[in-house]
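Structure first, then comments.
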There are 2 protein chains.
Amino acid sequence: MSYTIKKVSEMTGLSVPTLRYYDREGLLPDLQRKESGYRVFSEQDLYAIELIECFKQAGMKIKEMKQFMSMVKQGDSTLKERLAFFQNHVKQLEEKVSSLQNALEHSKRTLEYYEIAAEAGSEALAHEIYQSLVK
Amino acid sequence: MSYTIKKVSEMTGLSVPTLRYYDREGLLPDLQRKESGYRVFSEQDLYAIELIECFKQAGMKIKEMKQFMSMVKQGDSTLKERLAFFQNHVKQLEEKVSSLQNALEHSKRTLEYYEIAAEAGSEALAHEIYQSLVK
DNA sequence: TATAACCCTAAAGTAATCTTTAGAGTCAAC
DNA sequence: GTTGACTCTAAAGATTACTTTAGGGTTATA
């Protein structure tokens with residue numbers, strides 16, 4: 001199955017110019033073209049886009065993704081490098097998840113504080129209530 | 001206890017220009033100055049910086065943070081608004097954590113794949129192995 | 001075969017978050 | 001009271017990830 005850039009845009013939620021931009025940046029290692037120059041997206045390209053989104057969420061820069069995609073292009077000879085890259089990526093992601101969970105816990109406590117404060121109508125009062133809860 | 005901008009920079013890991021930038025953007029609602037114009041950071045300001053970092057991790061824009069900080073400045077009258085703001089913030093964070101966890105799961109599976117592929121020295125072979133594991 | 005809806009490129013523009021630079025004042029310690 | 005390390009501002013610059021624009025070809029369909 002193959003898709004036009006517009007279809008892929010609709011399927012992925014990425015804009016057409018963004019898809020072109022990713023292609024230009026070398027993030028779609030095997031993207032084919034028609035004779036006219038039109039891009040022809042395959043399932044493989046959709047998978048690459050999924051990976052890009054995954055990398056993006058982890059906070060990875062386009063340049064790093066490009067580096068990875070260029071290794072993909074080079075084939076089996078880069079498998080060990082790609083393994084190392086992914087090990088690092090997973091590590092980064094794990095750290096990010098855990099620091100985000102911390103931020104969430106912190107935010108939840110602050111939310112509780114604001115629930116009390118909004119109810120009391122006063123921060124000063126909320127502080128007192130908080131103190132008494134702890135003591 | 002009060003701190004110079006350099007000390008705060010060392011304590012928080014944020015650069016001195018970044019701290020000045022945050023101040024300029026209105027993210028430090030109660031930052032005091034000496035007569036000379038030098039910034040004087042208090043524990044409260046450190047707490048604000050902690051909050052900024054927390055917001056930043058959630059992907060919040062400076063402008064939104066500024067909006068929140070300006071509510072803080074206005075005092076008790078904005079408590080309900082701030083509560084609503086925080087409810088939304090926690091929701092955003094929860095969504096972010098869960099989508100990041102998905103990305104992590106996806107990445108871990110891909111990592112396993114690369115472990116097999118790197119070991120086998122061939123992606124084609126790894127695909128076969130994968131197939132046989134599933135069937 | 002006309003036409004509307006698509007596709008292309010190159011280049012400029014935008015928004016966000018900082019960083020750097022230049023020029024000048026402040027402060028603490030010897 | 002001098003000096004070296006610090007502080008300030010304003011403005012320009014850098015980087016990243018796109019988006020927009022301009023000008024022009026392609027394709028499906030009525």
Side-chain angles (χ1 to χ4, degrees), chain A residues 1-28 31-42 45-46 48-70 89 92 96 103, chain B residues 1-28 30-42 45-46 48-70 89 92 96 99 103:
Chain A
M1 199 58 190
S2 74
Y3 312 91
T4 66
I5 198 166
K6 200 190 181 202
K7 275 185 203 151
V8 173
S9 167
E10 284 158 2
M11 288 159 72
T12 60
L14 297 168
S15 75
V16 169
T18 297
L19 290 168
R20 290 199 188 111
Y21 168 69
Y22 285 169
D23 181 27
R24 205 161 57 240
E25 292 300 310
L27 263 42
L28 300 169
L31 185 59
Q32 300 299 307
R33 300 278 186 136
K34 301 213 294 190
E35 277 175 19
S36 60
Y38 280 30
R39 289 172 183 84
V40 179
F41 290 78
S42 67
D45 299 316
L46 293 179
I49 292 169
E50 216 181 296
L51 192 55
I52 291 166
E53 291 297 278
C54 183
F55 283 161
K56 192 159 65 175
Q57 281 197 314
M60 194 184 292
K61 299 273 164 72
I62 303 277
K63 271 190 187 171
E64 288 175 88
M65 298 186 205
K66 179 181 184 162
Q67 192 194 330
F68 181 81
M69 294 306 186
S70 111
H89 165 61
Q92 299 289 321
K96 190 149 188 166
Chain B
M1 199 57 192
S2 73
Y3 312 92
T4 66
I5 197 165
K6 199 190 182 202
K7 274 185 203 152
V8 174
S9 167
E10 285 158 2
M11 287 158 73
T12 61
L14 296 168
S15 75
V16 168
T18 296
L19 290 168
R20 291 201 186 109
Y21 168 69
Y22 286 168
D23 181 28
R24 206 161 57 239
E25 292 300 309
L27 264 42
L28 300 169
D30 289 314
L31 185 59
Q32 301 299 307
R33 300 277 188 137
K34 301 214 293 193
E35 278 176 19
S36 59
Y38 281 29
R39 291 172 183 83
V40 179
F41 290 78
S42 68
D45 299 315
L46 293 179
I49 292 169
E50 217 181 297
L51 193 54
I52 290 166
E53 291 295 278
C54 182
F55 283 161
K56 192 158 65 174
Q57 281 197 313
M60 194 185 291
K61 298 277 163 69
I62 303 276
K63 273 190 185 172
E64 288 174 85
M65 298 185 205
K66 178 181 183 161
Q67 192 194 330
F68 180 81
M69 294 306 186
S70 111
H89 165 61
Q92 298 289 322
K96 190 148 188 165
S99 94

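Letters go in sequence order (proteins before strands), and every chain restarts at 1.
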Test side-chain contact (heavy atoms from CB on, under 4.5 Å) on A/Arg20 and A/Ser15 and set out the steps. CA-CA 9 Å; A/Arg20 290 199 188 111; A/Ser15 75; over 6 Å; no
Check whether any side-chain nitrogen or oxygen of A/Thr18 sits under 4.0 Å from OP1 or OP2 of D/dA17, and answer yes or no. no
How many whole angstroms separate atom NZ of A/Lys34 from atom P of C/dT9? 14 Å
Can you measure B/Arg33 atom CZ to D/dC6 atom P for me and round it to whole angstrom units? 19 Å
Atom CD of B/Glu53 and atom C1' of C/dT17: how far apart are they, to the nearest Å? 13 Å
Check this one for me: any side-chain N or O of B/Lys61 less than 4.0 Å away from OP1 or OP2 of C/dA16? no
Here the distance between atom P of C/dT9 and atom CD1 of A/Ile5, to the nearest Å, is 8 Å
Answer yes or no: does a side-chain N or O of A/Tyr22 lie under 4.0 Å from OP1 or OP2 of D/dC18? yes
Counting N and O atoms only, with roles assigned by atom type, does the side chain of A/Glu53 sit under 3.5 Å from a partner on the main chain of A/Glu50, one being a donor and the other an acceptor? no
With respect to the phosphate group of C/dT9, does any side-chain polar atom (N or O) of A/Arg39 fall under 4.0 Å of OP1 or OP2? yes
Can you tell me if A/Ser15 touches the phosphate of D/dC18, counting only side-chain N or O atoms and a distance under 4.0 Å to OP1 or OP2? no
Looking at the side chain of B/Tyr38, which of C/dC18, D/dC6, C/dC8 is the nearest nucleotide? D/dC6
Measuring to OP1 and OP2 of D/dT27, would you say a side-chain N or O of A/Ser36 lies under 4.0 angstrom away? yes
Out of the candidates B/Leu14, B/Leu19, B/Thr18, B/Thr4, only one should pair with B/Ser9 under the side chain to side chain contact (heavy atoms under 4.5 Å, CB included) rule; please name it. B/Leu19
Any donor-acceptor N or O pair under 3.5 Å, side chains A/Gln57, B/Ser99: yes
Would you mind telling me which residue lines up with the more 5' stretch of DNA chain C, A/Lys7 or B/Pro17, judged by nearest nucleotide? A/Lys7
Using whole Å, report how far CD of A/Glu25 lies from P of D/dT19. 13 Å
Looking only at heavy atoms, what is the nearest atom pair of A/Ile62 and A/Tyr22, with distance? CD1-CE2, 3.8 Å
From CZ of B/Phe55 over to C1' of C/dA16, roughly how many Å is that when rounded to an integer? 18 Å
Provide, to the nearest angstrom, the distance between the CZ atom belonging to A/Arg24 and the C1' atom belonging to D/dC18. 9 Å
Please give, in whole Å, the distance from C/dC8 C1' to A/Leu19 CG? 14 Å
